[in-house]
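Everything on this sheet refers to the single structure shown next.
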Amino acid sequence: MKKKINIDEKQLVADILEDFEQRKVERKPFERQWQINANFVVGNQFCTVDNFGNTCGITKEYEWQENQVYNYLASMYESRLAKLARVRPQMTVLPSTSEEKDIKSAKVSKSILNSIDHKCNLSRIIAKATKWSELCGTAFYKIVWNSDSGRVIGINDKGESIKEGDVDISVCPPFEIYPDNIACESIEDCRSIIHARAYHVDVIKQNWGVDVKGEDIDVISCDSIENVGAYNYTSLNTSIIKTTKKNHAIVLEYYERPSSLYKNGRLIIIAGNKLLYNGDLPFENGEDKKRSIPFVRQISQEQSNNFFGTCIINRIIPLQRALNATKNRKYEFMNRIAQGILAVEDGSVDTDNLEEEGIRPGKILVYRQGATPPIFMASGGLPSDFSNEEDRIMNQMTILSGLSDLTSAISTYANMSGTALQLLIEQDDAKLTTSAEEIRSAIKNVGKHILRLYKQFVQTKRIGRIIGGDNREVELFYFNSSDISSEDIVFETENELTETIAQRRSMIFELLNAGLLADENGNINNRMRSKILELLGYGIWEQGQDISTLQRNKAQKENIECLNNNKEPMVEDIDDHNIHVVEHTAFLLTDTIDDSNKEHQNVKEMLLKHIQSHKDKLTQNNLTIV
């Protein structure tokens with residue numbers, strides 16, 4: 001990114017740094033809560049965070065106290081992630097009008113989104129963002145154009161590779177994002193956002209070509225701490241604490257929306273006390289080709305009048321503390337019952353020996369003549385209040401988390417019908433609907449950013465690849481910015497939480513029994529059979545495709561190879577010539593072949609010659625051209 005200087009650098013850097021410090025102060029209470037949430041999930045639950053952001057352990061008052069962690073919160077967190085992992089909607093694009101050109105454009109846009117889904121492993125990116133949103137309440141997608149990505153298309157004067165560029169999607173935890181106003185309820189409401197991340201000075205030199213002095217930077221990371229239980233029993237727990245990275249510097253990316261003063265907005269990048277970049281926002285990722293901030297926000301639960309969302313962990317933490325306290329007091333009581341409490345007359349025995357060794361089986365206890373021998377005091381049985389309180393707390397945690405485990409109360413539901421059980425499952429999943437819809441909304445916005453970036457940067461014909469078709473093979477398609485005219489993204493499926501795999505399979509069998517998947521003769525052809533197996537989850541059976549599908553795929557590959565290599569494909573004896581004639585002719589009729597392009601004219605002549613060769617083969621074999 002070329003450096004452009006428009007105003008006094010020192011004053012600009014000073015203003016941004018001052019603004020950043022103010023934003024840090026405003027965001028501090030949220031950051032403390034995020035650290036506590038992370039510590040509770042990993043198991044460091046006897047802790048708090050001070051005003052400086054340092055994790056402090058809560059020590060026990062007596063040596064005999066139990067101080068163990070019973071981490072039910074982590075299990076609930078993982079269960080929510082497992083259910084929300086089903087939210088992976090397939091995106092499609094609606095045409096802006098009913099004209100054939102716009103319909104084709106919508107299909108191209110859908111193919112681009114499918115290609116990015118496979119290329120960037122979008123499911124993994126969504127899963128990472130969901131982990132942060134469920135842990136801290138908020139996560140952010142950063143969607144930018146990376147000019148160093150994509151295929152190599154040439155070599156510059158310095159011998160460096162020139163690449164075509166491609167979309168780059170990353171996940172930013174809330175620790176890195178600083179809005180100008182915490183009271184904003186969306187990114188669109190913010191005037192500016194600062195993205196702060198620590199980089200090694202060598203990385204800064206490589207990316208921006210500027211030498212920056214390295215410092216010791218405090219970052220949030222995991223570490224192991226020793227947890228001391230009763231009677232000095234120890235165990236290791238993971239803790240989220242501040243650690244120091246050496247020879248690093250914080251890079252601040254200041255994104256400011258377009259205004260009357262800055263028509264295209266501003267992007268200012270600072271590392272240390274040096275200005276790395278100062279210029280317009282580089283991406284036309286807003287509505288109507290306007291430049292905007294390249295972030296998409298995903299939350300777990302909405303907070304009114306707040307930029308950052310909240311999560312279920314915030315609500316469960318007080319109950320998790322109460323559960324730990326109840327269980328630890330319970331086991332302290334059980335220790336008293338098991339080990340007993342000795343009453344000893346003063347001076348009657350060697351109390352130091354008795355305290356160190358206790359009264360083990362077969363021990364010879366010597367006490368002073370005439371004194372009362374030591375006796376165990378009656379401690380009674382374990383009160384039922386402990387178990388009742390545990391059950392009450394666990395029930396409250398389950399209700400707050402939006403989860404319920406039907407298998408743990410199988411006796412309660414043993415006499416229920418299948419329909420009644422299904423209704424219970426649907427009601428349980430409905431509690432996650434809000435979080436699921438937030439994920440779907442974020443994915444839709446990510447898709448819009450992707451299409452807008454391709455619209456801006458792909459000016460020449462580019463080849464895209466998607467995994468699809470009846471054979472799950474790689475399909476190729478060509479596009480440029482003019483092929484992207486619509487960004488009206490919708491989802492092909494409803495909320496995935498409302499439909500399980502078992503429900504989908506049951507519906508398919510019902511359609512089969514009703515005869516709705518058969519042709520007019522009541523038969524199921526090979527293509528439909530393969531599609532049914534795919535929907536049932538047996539995709540491996542798709543290898544048994546009918547020969548006509550394989551012939552079409554072969555002809556389509558020949559079309560692409562001819563366009564790429566400018567070489568006429570060979571006509572083979574195994575070809576179904578009628579199918580090949582149809583596929584090659586259809587390819588020539590598409591907009592992929594540009595008659596004004598000399599290379600495309602050569603490709604057209606070769607394919608016409610190739611089509612005639614197929615027709616000649618049909619004539620030689622006395623076959624009819626269909």
Side-chain angles (χ1 to χ4, degrees), residues 84 87-93 109 112-114 116-117 119-146 166-182 184-197 253-258 265 267 281-303 306-311 434-457 484 487-491:
L84 292 174
V87 183
R88 297 295 181 269
Q90 294 294 319
M91 291 181 283
T92 190
V93 181
S109 298
I112 292 173
L113 293 177
N114 290 340
I116 286 294
D117 190 356
K119 187 190 309 181
C120 297
N121 197 354
L122 196 55
S123 292
R124 187 177 183 87
I125 293 174
I126 296 170
K128 183 177 180 181
T130 304
K131 287 181 181 179
W132 279 111
S133 64
E134 288 297 304
L135 181 66
C136 302
T138 317
F140 298 88
Y141 299 91
K142 186 179 184 181
I143 309 99
V144 299
W145 186 264
N146 185 357
D166 211 335
V167 169
D168 186 88
I169 307 172
S170 59
V171 175
C172 302
F175 291 96
E176 298 179 356
I177 303 299
Y178 296 82
D180 64 316
N181 187 356
I182 294 293
C184 294
E185 294 188 357
S186 67
I187 290 179
E188 289 71 24
D189 295 335
C190 293
R191 187 182 63 85
S192 64
I193 283 179
I194 292 179
H195 179 207
R197 177 177 288 183
E253 298 177 8
Y254 176 87
Y255 296 89
E256 183 179 329
R257 290 190 177 280
L267 170 59
L281 287 174
F283 309 125
E284 297 174 356
N285 50 2
E287 299 283 349
D288 301 324
K289 293 187 176 182
K290 293 180 180 178
R291 298 175 187 258
S292 184
I293 299 174
F295 291 96
V296 171
R297 185 185 69 145
Q298 176 180 308
I299 62 174
S300 178
Q301 302 287 332
E302 185 76 48
Q303 282 195 104
N306 205 309
F307 181 76
F308 296 104
T310 186
C311 61
T434 302
S435 298
E437 287 300 326
E438 292 291 346
I439 296 174
R440 290 164 63 87
S441 176
I443 295 172
K444 182 184 292 187
N445 288 330
V446 169
K448 290 182 178 181
H449 277 249
I450 292 171
L451 293 179
R452 290 165 184 168
L453 289 176
Y454 274 110
K455 179 73 174 177
Q456 178 183 357
F457 290 100
I484 306 172
E487 54 187 50
D488 187 7
I489 297 176
V490 296
F491 295 127

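Quantities reported herein were computed from a predicted structural model and do not represent experimental measurements.
With 3.5 Å as the limit, one finds a donor-acceptor pair spanning the side chains of Glu134 and Ser300.
With hydrogens and angles disregarded, a donor-acceptor distance shorter than 3.5 Å links the side chain of Arg291 to the backbone of Leu281. Without hydrogens or angle criteria, Asp180 side chain to Cys190 main chain gives no donor-acceptor distance under 3.5 Å. Remark: the backbone N or O of Gly137 is not paired with any side-chain donor or acceptor of Thr310 at under 3.5 angstrom. Without hydrogens or angle criteria, Gln298 side chain to Ala442 main chain gives no donor-acceptor distance under 3.5 Å. Although no hydrogens or angles enter the test, the distance criterion places a donor-acceptor pair under 3.5 Å between the side chain of Gln456 and the main chain of Pro282. With hydrogens and angles disregarded, no donor-acceptor distance shorter than 3.5 Å links the side chain of Ser441 to the backbone of Glu438.
Scanning both residues, Phe308 and Ile177, for their nearest heavy atoms gives CZ-O, 3.8 Å. Among all heavy-atom pairs drawn from Asn285 and Pro294, the shortest one is ND2-CA, 3.3 Å. Of all non-hydrogen atoms in Glu176 and Tyr178, the two that sit nearest each other are O-CD1, 3.7 Å.
Under the 4.0 Å criterion applied to side-chain N and carboxylate O atoms, Glu253 and Lys142 are assigned as salt-bridge partners. The pair Glu437-Arg440 meets the salt-bridge criterion, with a side-chain N (NZ, NE, NH1 or NH2) lying under 4.0 Å from an Asp/Glu carboxylate O.
Interatomic distance, Glu188 CD to Ser292 OG, rounded to the nearest 0.5 Å: 7.0 Å. Separation of atoms CD1 (Ile182) and CG (Asn306) is listed at 6.5 Å; rounding is to 0.5 Å. Separation of atoms CZ (Arg257) and NZ (Lys290) is listed at 10.5 Å; rounding is to 0.5 Å. To the nearest 0.5 angstrom, Leu122 atom CG is 8.5 Å from Ile116 atom CD1. Note that CZ of Arg197 and OG of Ser170 are 6.0 Å apart. Values are rounded to the nearest 0.5 Å. Taken to the nearest 0.5 Å, the CG atom of Asn121 stands 9.5 Å off from the CD1 atom of Ile126.
Within the 4.5 Å cutoff, the side chain of Ile450 has heavy atoms near those of the Ile169 side chain. Using a 4.5 Å heavy-atom threshold, the side chains of Ile489 and Leu113 count as touching. In this structure the side chain of Asn445 never reaches within 4.5 angstrom of the side chain of Arg297, judged on heavy atoms. Contact check for Lys131 versus Val171: no side-chain heavy atoms found under the 4.5 Å cut-off. Side chains of Val93 and Leu451 form a contact here, defined as non-hydrogen atoms less than 4.5 Å apart. Put simply, the side chain of Ser109 does not reach to within 4.5 Å of the side chain of Tyr454, judged on heavy atoms. Counting heavy atoms from C-beta outward, Trp132 and Phe175 have side chains that approach closer than 4.5 Å. Considering only heavy atoms from C-beta on, Gln303 stays 4.5 Å or farther from Glu185 through its side chain.
Classified by interplanar angle (parallel below 30°, tilted 30° to 60°, perpendicular above 60°), the ring pair Phe307/Phe140 is parallel. Using cut-offs of 30° and 60° for the angle between ring planes, the Phe457 and Trp145 rings count as parallel.
His449 and Tyr141 have their aromatic ring centers separated by at least 6.0 angstrom.
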Let me see the working for Glu287 and Arg452 under side chain to side chain contact (heavy atoms under 4.5 Å, CB included), right down to the final yes or no. CA-CA 9 Å; Glu287 299 283 349; Arg452 290 165 184 168; 3.1 Å; yes
Next item on the list: Take Arg191 and Asn181 through the test side chain to side chain contact (heavy atoms under 4.5 Å, CB included) and record every step on the way to the result.
Entry: CA-CA 8 Å; Arg191 187 182 63 85; Asn181 187 356; over 6 Å; no
